[in-house]
Amino acid sequence: MRLDALIFDVNGTLADTEEAHRTAFNLAFEQLGIGWKWSRTDYRRLLLTTGGKERIARHIASLDLANDDRAELIARIPQMHAAKTRFYRSVVRDGAVPLRPGIVRLLDEAAAAGCRLAIASTTTAVNIDALLHATLGPRALDLFGVIACGDQVAAKKPAPDIYLLALQHLGVRADHAIAFEDSANGLRAATAAGLWTVVTPTFWTEDHNFDDAGLLLPQLGDPTAPLAGEPGTRLRERAWLTFAELNGLREGALS
Ligand code: XBP
Ligand code: MG
């Protein structure tokens, strides 16, 4: 079956951004005098709620509050999230968050083979723009023809909506595309949209259930960051996932 498109999640997949997100949330809470400080343990749990605004709402729901205080905090979610986005963008713009190993190589290999590239993320467009420009420069917008993100759909991951939107904008069928994810919610969203999915977890998601992944790797691998034990267990050709091998593995799985 022809492979027409690769669709990438952003946070955790293109780059390990979540520590930058966590720090930005905490800076926003401090700046606004809200007084919350999310530890890494807190944040691992909070990450199970996708979307920053939804994550803050989940946190408020967990607090023991009088009704008026709760309503006041809920009303401030947009303000908190806007402050968080400003902190996050400025740290990402400064180049503090690199792309994960193998991402640039695989994007280039796919583009050279005529395969289209897209994004499906729960984060906001400005965050994606900051990350892509800081890491790929102006060619980012040429590489990614479709960027589906944030509040463009009502239901965030694990609902399939953002992937379905990306496929619709690409004009590509799900069985002619592959998704790349790092989390169980992302994998559920991609799978529910009918996509064969490659999962590369991070510290934040390594304990999630990835039974439905088409291929599970610690990272994509690269000549500069080869995968331990490969080729030979999951990969046959190189110690990194090439576009040609990706295509072959998917064909084998679908046949
Ligand atoms: C993962 C998320 C995001 C970020 C925070 O996004 O859950 O919400 O943690 O971003 P992805 P916002 O789908 O790319 O893995 O605060 O902008 O929502
Ligand atoms: Mg993710």
Side-chain angles (χ1 to χ4, degrees), residues 3 5-23 39-41 43-45 47-48 92 95-113 115 117-121 123 131-132 134-136 140 143-144 157 177-191 195-255:
L3 178 54
L6 306 185
I7 309 178
F8 289 84
D9 167 56
V10 174
N11 295 291
T13 302
L14 287 183
D16 191 351
T17 52
E18 290 303 349
E19 182 59 16
H21 280 293
R22 184 183 74 92
T23 305
S39 69
R40 281 161 73 87
T41 309
Y43 197 65
R44 243 180 130 123
R45 182 175 35 78
L47 262 179
L48 297 174
V92 166
V97 185
L99 297 180
R100 291 188 70 186
I103 290 289
V104 174
R105 176 188 53 75
L106 189 63
L107 294 175
D108 284 338
E109 288 178 19
C115 184
L117 302 170
I119 278 176
S121 169
T123 201
L131 179 72
L132 295 184
T135 53
L136 294 166
L143 273 177
F144 289 103
K157 300 173 187 177
I178 292 177
F180 291 77
E181 273 290 350
D182 70 302
S183 70
N185 279 327
L187 174 60
R188 282 174 61 195
T191 305
L195 290 152
W196 190 81
T197 305
V198 177
V199 177
T200 51
T202 67
F203 159 80
W204 301 100
T205 58
E206 63 196 2
D207 59 345
H208 292 190
N209 183 320
F210 297 123
D211 287 351
D212 289 335
L215 177 65
L216 178 62
L217 295 170
Q219 38 120 334
L220 296 178
D222 206 49
T224 55
L227 288 161
E230 302 295 347
T233 51
R234 289 151 296 197
L235 305 182
R236 298 278 173 264
E237 295 177 0
R238 301 268 193 282
W240 50 89
L241 182 64
T242 64
F243 179 70
E245 185 160 22
L246 173 69
N247 209 348
L249 286 167
R250 171 186 152 273
E251 289 277 356
L254 297 185
S255 64

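No hydrogens, no waters, no symmetry mates; every other heavy atom, side chains included, goes into these values. If you're wondering where the values come from, they're calculated on a predicted model, not measured in any experiment. Numbers here are sequence positions counted from 1.
For the pair R40 and F203, the cation-pi criterion (under 6.0 Å, within 45° of the ring axis) is fulfilled.
For R234, the salt bridge (Lys or Arg N to Asp or Glu O under 4.0 Å) test picks out E230, with sequence neighbours left out. Remark: D9 engages K157 in a salt bridge (Lys or Arg N to Asp or Glu O under 4.0 Å) (not counting sequence neighbours). Legend: residues meeting salt bridge (Lys or Arg N to Asp or Glu O under 4.0 Å) with R236, ordered by chain and number and at least two apart, are absent. Take D222 and apply the side chain to side chain donor-acceptor pair (under 3.5 Å) test, not counting sequence neighbours, and it matches R105, T224.
Heavy-atom minimum distance, S183 versus T205: CB-CG2, 3.8 Å. Residues A179 and A190 share a closest heavy-atom pair of CB-CB, 3.7 Å. The two atoms that bring A15 and V97 nearest to each other are CB-CG1, 3.9 Å, heavy atoms only. Minimum heavy-atom separation, T13 to F180: CG2-O, 3.6 Å.
Within the 4.5 Å cutoff, side-chain heavy atoms of F8 are placed close to those of I103. When side chains are defined from C-beta on, L246 counts as touching L6, because their heavy atoms get closer than 4.5 Å. Contact of the W204 side chain with the E19 side chain is registered, since non-hydrogen atoms from C-beta on lie closer than 4.5 Å.
Among residue pairs with one or both ends in residues 195-208, those qualifying as salt bridge (Lys or Arg N to Asp or Glu O under 4.0 Å) are R44-E206, R44-D207; sequence neighbours excluded.
Taking CD of E109 as the reference point, atom CH2 of W240 lies at 10.0 Å (rounded to 0.5 Å). Atom CZ of F243 sits about 4.5 Å away from atom CG of L3, to the nearest 0.5 Å. Here the CG-CG distance, from L107 to L143, works out to 6.0 Å after rounding to the nearest 0.5 Å. Atoms OG1 and CG, on T200 and L227 in that order, are 10.0 Å from each other to the nearest 0.5 Å.
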Could you tabulate the donor-acceptor pairs under 3.5 Å formed by side-chain atoms of residues 208-217, not counting sequence neighbours?
unit_1: H208; atom_1: ND1; unit_2: A184; atom_2: N; d: 3.0
unit_1: N209; atom_1: OD1; unit_2: D211; atom_2: N; d: 2.8

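Of the possible polar contacts, none joining the R100 side chain to the D16 backbone as a donor-acceptor pair under 3.5 Å is found.
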